[in-house]
Number of protein chains: 2
Amino acid sequence: MSVVAKALALLEHFSIQTPELGLSRLTRLAKRDKATTYRHLVALQELGFIEQNPETKAYRIGPAVLHLAEVREKTVPRRDGALAPLQRLADATGETAHASILSGPTLHTLVSCEAQAHSIRAVIDLQKLPLHATASGICTLAFGPADLLEAAKADMARFTAHTATDPAALAEVVGTAQGSGFGRSERGLEDDIYGFAAPLFDQTGQLAGAVAVASVASRVTEDLTRLIYQELIIASREITHSWGGSVPAAIEALWADTLATFKQKDLAP
Amino acid sequence: MSVVAKALALLEHFSIQTPELGLSRLTRLAKRDKATTYRHLVALQELGFIEQNPETKAYRIGPAVLHLAEVREKTVPRRDGALAPLQRLADATGETAHASILSGPTLHTLVSCEAQAHSIRAVIDLQKLPLHATASGICTLAFGPADLLEAAKADMARFTAHTATDPAALAEVVGTAQGSGFGRSERGLEDDIYGFAAPLFDQTGQLAGAVAVASVASRVTEDLTRLIYQELIIASREITHSWGGSVPAAIEALWADTLATFKQKDLAP
DNA sequence: AACATCGGTTCATATAGTGAACCAATAAGG
DNA sequence: CCTTATTGGTTCACTATATGAACCGATGTT
């Protein structure tokens, strides 16, 4: 890990829940030496990526990121295009919806929308989504670059008792996704949370990210699952379209098959 | 300069005009070794601050900054509060308006608004504003922390024939600002651009940034100057208010005096 | 075919980062 | 009032890490 990576990794500890962190606390969170952490903070501060609250001496994210985000979004608009479909997805399903972008080997959370329907709901507050333990990640492994699977196998941290931590289990869920067109994660990241995801594509025709719904386990029924799948398809088409891509026919075919199985079940009894 | 600083400084070369840069070009812009630049890019890429266009191999700002900007803005809202008053300022004056934030010893551009009134107008595309050569910078030196003057004197780069490059000249324009309540820069950063700025304050009561109007030199008359001053006062009050601060009485008094001199001149002939 | 780009890699060299120990300041506890 | 445990910040011997000239293969121009 380079110094640059170590320093920038400090930024990941700041969140909406904990926007300001003191030196000691951050040192503990980052599990690094205090002097090192301090020097990194000073370096980040010089560039405006961190600023210090002059009253409390605590550190927070600085203004430099605002300009960068503006350049990025004006240049490669992703957030704007995802926002409206995501809102619709959250409203239609009554669950928390979020979209993520694949950049290199990591999946970055782009934006998340919470529905107002239930008082208990999933909250997405990770910047990076683990590939092996989230619906979005499994979806990415299923339809993204083949070499990602290696990267994912290298880091299979356990989050819950249900997290797939051996390559065989992972291969199985990825295979299921490749058969259905949807990624699923059942209590893989957190107990009581079910995830459902569909792939997103950009103008290059390659997978560019994923759109997902996170639902509370106790609410998940077959009816809700079907609704989520239907809405995920709509959201995926719209977001993919706004990113200048189109959903590959093969994926559309998988989706149609998966939805058909629900209809069959309806007719069965 | 630490490695962290060197690596992060690479990000400053990306702009709306040049959102993607190849390795060689970026190496030349940053005036550094190619191998070093490459390694820095790879490190930034790992963290999602940079991503590579898989088709052209060119680099661009990555998605990680989006999340950070969101955390920052949800936590310390600055952009949102400045946007509306800035738009109004641009419309009312017919010139380009922008706001900046002081973080440590540097002034970061927060957001800029261009008016539609004229086809020739100033464009703000710097992330960092030089303290000695811009109206905002002079305003910051006049009403901000006293030790900034030292930092400013340490780097007095020449941009035009009118740039103040010796401490005495700088002290004079800062003194003028302290007397009038407004920062001014006449062709200091670019030929043909006049800048006018007013200070901004936050909940701590300290200077937190500046709001400014950049006008094309040929359009600047006494009438326009007065209009700009009047509108700057309104914008400064509004932005300062939305940042949880209030304009100090001493500044308000300076502004009142400055506007009074215009009225006297009107009566004179 | 010769030359000039490009992105990316190698490896000896030496510069830059590291962290245990140390301050000074503040605050809680007895 | 003195002790103890925090806090943010600093020092300096040690060594891990960054550096850059030279190199590579690919692509593009003349």
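What's counted below: heavy atoms across the whole structure, side chains too, no hydrogens, waters or symmetry copies. Numbered from 1 within each chain, the chains take letters A, B, ... in sequence-line order. Keep in mind that what you see is a predicted model, and the values were worked out from it rather than measured.
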Undergrad: Please report the distance, rounded to the nearest Å, between CG in B:L10 and P in D:dT19.
TA: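 Going from CG in B:L10 over to P in D:dT19 covers 10 Å.
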Undergrad: Tell me if the side-chain of A:K34 makes a donor-acceptor pair with the base of D:dG8, cut-off 3.5 Å, by modelled atom types.
TA: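 Check passes, donor-acceptor contact within cut-off.
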Undergrad: Whole-Å distance between D:dT10 P and A:Y38 OH?
TA: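 Computing the A:Y38:OH to D:dT10:P distance gives 4 Å.
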Undergrad: I want to verify a distance call: between D:dT19, C:dT10, C:dT18, whose nearest atom is closest to the B:V3 side chain?
TA: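 Between D:dT19, C:dT10, C:dT18, the one nearest the side chain of B:V3 would be D:dT19.
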Undergrad: From CG of B:L23 over to P of D:dG25, roughly how many Å is that when rounded to an integer?
TA: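 In whole Å, D:dG25 P and B:L23 CG are 18 Å from each other.
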Undergrad: Among C:dT18, D:dT19, D:dG8, which nucleotide has an atom closest to any side-chain atom of A:H40?
TA: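 Looking only at heavy atoms from C-beta outward on A:H40, the closest nucleotide is C:dT18.
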Undergrad: Say whether, by atom type as modelled, one donor and one acceptor occur between the side chain of A:T106 and the main chain of A:S103 under 3.5 angstrom.
TA: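 Checked: pair present.
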Undergrad: Can you identify which nucleotide, out of D:dT19, C:dG8, D:dG9, has its nearest atom closest to the B:K57 side chain?
TA: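 Nearest listed nucleotide: C:dG8.
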Undergrad: Quick check: on DNA chain D, is the nucleotide nearest A:V4 upstream (toward 5') of the one nearest A:T56, or the reverse? Name the residue that is more 5'.
TA: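 First, find each residue's nearest nucleotide; the 5'-ward one identifies A:T56.
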Undergrad: What is the distance from CG of A:L41 to P of D:dG9, rounded to the nearest Å?
TA: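 Nearest whole value for this atom pair: 9 Å.
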Undergrad: Strictly below 4.0 Å: does A:Q52 bring a side-chain N or O up to OP1 or OP2 of D:dG9?
TA: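 Yes, because at least one side-chain N or O of A:Q52 sits under 4.0 Å from OP1 or OP2 of D:dG9.
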Undergrad: Counting N and O atoms only, with roles assigned by atom type, does the side chain of B:R32 sit under 3.5 Å from a partner on the main chain of B:K6, one being a donor and the other an acceptor?
TA: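 Checked: pair present.
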Undergrad: By nearest atom, which of the nucleotides C:dG17, D:dA21, C:dC6 is closest to the B:R28 side chain?
TA: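 My answer, after comparing the listed nucleotides, is C:dC6.
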Undergrad: Hey, is the main chain of B:G188 close enough, under 3.5 Å, to the side chain of B:T163 for a donor-acceptor pair?
TA: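 Side chain of B:T163 to backbone of B:G188: a pair is present.
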Undergrad: Counting C-beta onward and ignoring hydrogens, is there a side-chain heavy-atom pair between A:V76 and B:P19 closer than 4.5 Å?
TA: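 Result no, sub-4.5 Å side-chain heavy-atom pair not found.
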Undergrad: What is the distance, to the nearest angstrom, from the CG atom on B:D33 to the P atom on C:dA14?
TA: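 Checked: the CG to P distance equals 16 Å.
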Undergrad: How many whole angstroms separate atom NZ of B:K31 from atom P of D:dG20?
TA: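 So the two atoms are 15 Å apart, to the nearest Å.
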Undergrad: Pick the nucleotide of DNA chain D nearest each of A:A58 and A:K6; which residue has the one closer to the 5' end?
TA: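 Taking each residue's closest nucleotide, the earlier one in sequence belongs to A:A58.
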Undergrad: Distance check: side-chain N/O of A:T36 vs OP1/OP2 of C:dG17, anything under 4.0 Å?
TA: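 Looking at the OP1 and OP2 atoms of C:dG17, neither is under 4.0 Å from any side-chain N or O of A:T36.
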Undergrad: Taking atom P of D:dT19 as reference, at what distance in whole Å does atom CZ of B:R32 sit?
TA: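 Rounded to the whole Å, the gap is 8 Å.
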Undergrad: Please determine, for the side chain of B:A35, which listed nucleotide (D:dT11, C:dT10, D:dG9) has the closest atom?
TA: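 Nearest to the side chain of B:A35 among the choices is C:dT10.
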Undergrad: We want to know whether B:T27 and B:S24 form a side-chain donor-acceptor pair, criterion being a heavy-atom distance below 3.5 angstrom.
TA: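 No.
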Undergrad: Within this structure, what is the CG-to-P distance between A:N53 and D:dT7, rounded to whole angstrom?
TA: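 It is 17 Å, rounded to the nearest whole Å.
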Undergrad: Return the nearest nucleotide to the side chain of B:R39; candidates are D:dG20, C:dG19, D:dG9.
TA: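 The closest nucleotide is D:dG20.
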